[in-house]
Structure formats: C-alpha cells, structure tokens
Protein chains: 2
Amino acid sequence: MALSREQVVATAVDLLRRYGLGDLSMRRLARELGVAPGALYWHVANKQELLVEVADVLLAEIPPVPTDRPAPEALAGLAVAIREALVQVPDAADVVGLAYAVEPGAARALRDLARLVHEAGATASERDDVAVLVVHHILGSVAAQQNRALAAHIDPELPAPDSTSEAKAFEVGLAVIVRGLGAAT
Amino acid sequence: MALSREQVVATAVDLLRRYGLGDLSMRRLARELGVAPGALYWHVANKQELLVEVADVLLAEIPPVPTDRPAPEALAGLAVAIREALVQVPDAADVVGLAYAVEPGAARALRDLARLVHEAGATASERDDVAVLVVHHILGSVAAQQNRALAAHIDPELPAPDSTSEAKAFEVGLAVIVRGLGAAT
DNA sequence: ACCTGAACACCGTTCAAGT
DNA sequence: ACCTGAACACCGTTCAAGT
C-alpha cells in the first residue's frame, strides 16, 4: 500500500517523541517507513514543511480550555497545559518555535491563547504582542527544563531538574505577566 | 604562526555575522583559517563549546548600563540594548539561547539584567524567574524578527519586517512585565 | 605542542529511470 | 502516481602519524 503524507507526519512525530530532533532525519524517517529517502519528497516539500506539520500535531493534542472560568485563570490554565504537553516531547520548543515563526495562527491552542490575553485585560493594541510574549515564555521554559535534563544526563554532577519547581518558576513569570495586564495604564 | 583559541573563536564570530549559523560549520571554519578540520579540535572540545564562546563574545559587546537612572528604566534600557545588539547578528537567538542554557550567569549583561529585575521590584523569590522571563522575551523577539526577514527574503509576497515596529512590539511586552513587577501582591 | 590525512558514520535534496 | 538508485555536496568527530 502506498505511503501517505499523514503516515509520514505520524512517523515523524513518533521519532521525535522517542529519540528527539537529532534522530529525526529524513534518512532515518525513510528507514523507519521502509522506503528510500527520495520517496519522502513526493509527500512533503522539504524537512521544514514536515516539521511544521509535526508541530501542528503536537499542538492539536492540547485539550481546549474550559469556558466557565474568568479569563485570567483560563489564560494561566491554558498556558500551563501547553507547557505541560510540550515538555514531554524532546526538543518540542525548537519544533514549535519554527512552526510559530512560519505560521503563528495555525494551531487552535495558540489562537485561544491570544483571545484569552485580550479578555484578561490587554488593550486591542497590546493583544498580539502580549500573546507573543506568553508563547515565548512557554517555549523558553520548555527549552530550559529540557536543556537542564540533558545537562544532568551528560554530567551526573549536575542536579536533575525537578519538574514541580520548574513548573513553579514558569508560573511566577506567568503571574507577573497577568498582573501587568490587569494594571494597564 | 600557530593557531590560537581566540583566533578560532573570533573567526567563528565573523562567519556567524556574515553568513549565519548555517555556514558556521567546523569544516567551513577550518577552511577560513587555512587548516585541516581536525586542527580545530586541539583548541576547542567540540562545536557546542565553540558556540558558547561565540555567544560570550556577542554579549560582551553590549555597553554596560548607566547607573544614574531608576531601576525600571534601566532595566528596560538594558533589555532594549541587548535586543538591538543581537538582532544585527544572524541566528543570534539560537546561539545565545544555547549558551544561556549551558551557563546562565556567564555574561555580564545578563547578570546586570537579573540585578535590575530585583531592583525594579521583584521579590527575592521571584528574581531569577522573572530575569529568565525577560531573557526569553528578548531571544524570542530577536528570533521572530529574523525569521520574518528570512521569510520575506524567500517569498517576496510577504512584507519585510519593519525594525521600528518590531522594536515597539518588544517594548509593549517589556512594559507589561515591568508593570507586573511594580504591582506585586 | 600542534597539525595533517584519512577515515567513519552520517546529513538534505535532486532526478532520471523504473513500475 | 509513486518510488528506487544513485549521485551531489555537504556534516561533526576521531586519531594515528608526522613535524
């Protein structure tokens, strides 16, 4: 049976989850699918396009935000949920960062985030800029925790990151942003 | 005359400035220096160590912050200065992000930033977390602007980023953070 | 001490030719 | 329509051997 674009993307996600971006090469992916490397280029224009698709899959898995809570709470909840989903996937910050640069509004989760920023008190002119700030905070926090885990793995002298306190550090920054929104001039 | 570690790092910085990270390979760097690729490994353990040195050079060039202004102003001024310096250098966000993950307190500019966050009203417990937030905001903003410039270069349909409005978007996010600091609970 | 030559195990991408 | 085979132009890193 012929290969499909969906199959290529799904296997790429699987490879990323299991071994990280370093092992997500076009050649490795082709081997995993039992085809020649060139075959992939029938289904996907190039590696960058593939990675954008991979990011979309990761972001699509984030549960939609409940509609009954006040906006600042819902915003914080969604940001935490996105961070939690991404921190499980090796190099997720790099992959999503690339996708976000290419097409910022592609994923529903990120559009919801922008909307909640607005409802939490950002003026119309601030809205997009603050949404970007929150996304950067999420991706930065994910990358930082994963980098510390990697460093601890290589050098056993270093302490392994405690995911609870990493999450807490993230929420401190998030709280500052939300407070800043409320205290608009 | 023998090669020196400083010479290797300086040429790496030059290559990054002129052609970006894609052309900063160990082999390309060796060619530029007129030596065999293996020669570099006498002066530098591996590519990652080299990139950390490159980041340190970039950050060392940022002018120290004047001491006479109030902390929130000085903080904003320094953040803008760091962003401005890095946005000139292709892929600077990736390089500095890597270095920051490996050794967060290495560069004077970043230590100053953490100190000013404290003086601008962060409690002792918030201090480091908010400094991290500001660094992520800077690196995210730099990466975003450079990515848009790249996208516009590839696809001439897209608008080239206007550096003034990019800077303004950055300052909006920064202002939210500073306000959030002042409005501590 | 410092460097070369040569190798090892890889990359992303293209494209004529096959089915 | 979909894929193979083979190539092109690269990577980072190691290490015996040379000076």
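In what follows, every chain begins at residue 1, and chains take the letters A, B, ... in the order their sequences are listed.
Look at A/His43 and you'll find a side-chain N or O under 4.0 angstrom from OP1 or OP2 of D/dC3. At D/dC3, none of the side-chain N or O atoms of A/Trp42 fall inside 4.0 Å of OP1 or OP2 (strictly under the cut-off).
Nucleotide D/dA1 forms a Watson-Crick or G-U wobble pair with C/dT19, both donor-acceptor distances falling under 3.5 Å. Base-pair partner of C/dG12: D/dC8 (Watson-Crick or G-U wobble, both distances under 3.5 Å).
Of the candidate nucleotides C/dC2, C/dT4, C/dT14, C/dC2 has the atom lying nearest to any side-chain atom of B/Ala2. Comparing C/dG12, C/dT4, D/dG12 against the side chain of A/Ser25 picks out C/dG12 as the nearest. Across C/dG12, D/dT4, C/dG5, the shortest atom-to-atom separation from the side chain of B/Ala36 is found for C/dG5. With C/dC11, D/dC11, D/dC3 as the candidates, the nucleotide lying closest to the side chain of A/Ala39 is D/dC3. Between C/dC11, C/dT13, C/dC3, one nucleotide has an atom nearer to the side chain of B/Leu3 than all others, and that is C/dC3. Residue A/Tyr41 has its side chain nearest to C/dT14 when only C/dT14, D/dT4, D/dT13 are considered. Considering only side-chain atoms of B/Arg31, the nucleotide from D/dC11, C/dC11, C/dT14 that sits closest is D/dC11. Comparing C/dT4, D/dT13, C/dT13 by their closest approach to the side chain of B/Asn46 singles out D/dT13.
When rounded to the nearest whole Å, the span between CG of A/Leu24 and C1' of C/dC11 equals 13 Å. Rounded to an integer number of Å, the gap from CG of A/Leu40 to C1' of C/dG12 is 11 Å. The distance from atom CZ of B/Arg28 to atom C1' of D/dT13 is 20 Å, rounded to the nearest whole Å. In this entry the distance linking CZ of B/Arg5 with P of C/dC3 reads 14 Å, nearest Å. Distance, A/Gln48 CD to C/dG12 C1': 13 Å, rounded to whole Å. Protein atom CG of B/Leu21 is 12 Å distant from nucleotide atom P of D/dC11, rounded to whole Å. The nearest whole Å value for the distance from the CE atom in A/Met26 to the C1' atom in C/dC10 is 16 Å. Atom CD in A/Gln7 sits about 14 Å away from atom C1' in D/dC3, given to the nearest Å.
Each of A/Val35, A/Leu3, A/Val54 was scored for a side chain to side chain contact (heavy atoms under 4.5 Å, CB included) with A/Val8, with one residue passing: A/Leu3. Paired with A/Glu166 under the rule side chain to side chain donor-acceptor pair (under 3.5 Å), one option of A/Gln146, A/Arg148, A/Arg83 passes, and it is A/Arg148.
Residue-to-nucleotide proximity on DNA chain D shows that, of A/Arg27 and A/Val35, the 5′-proximal contact is made by A/Val35. For the pair A/Ala45 and A/Gly22, both in contact range of DNA chain C, the more 5′-proximal nearest nucleotide belongs to A/Gly22.
Nearest approach of A/Ala107 to A/Leu59, heavy atoms of both residues: CB-CD1, 3.5 Å. Taking every heavy atom of both residues into account, A/Val89 and A/Arg17 meet most closely at CG2-NH2, 4.0 Å. Between B/Val44 and B/Met26, the closest heavy-atom pair is CG1-CE, 4.3 Å.
A donor and an acceptor atom, one from each side chain of B/Asp14 and B/Thr11, are nowhere located under 3.5 Å apart.
As rounded to the nearest Å, D/dA9 and C/dA9 have P atoms that lie 24 Å from one another.
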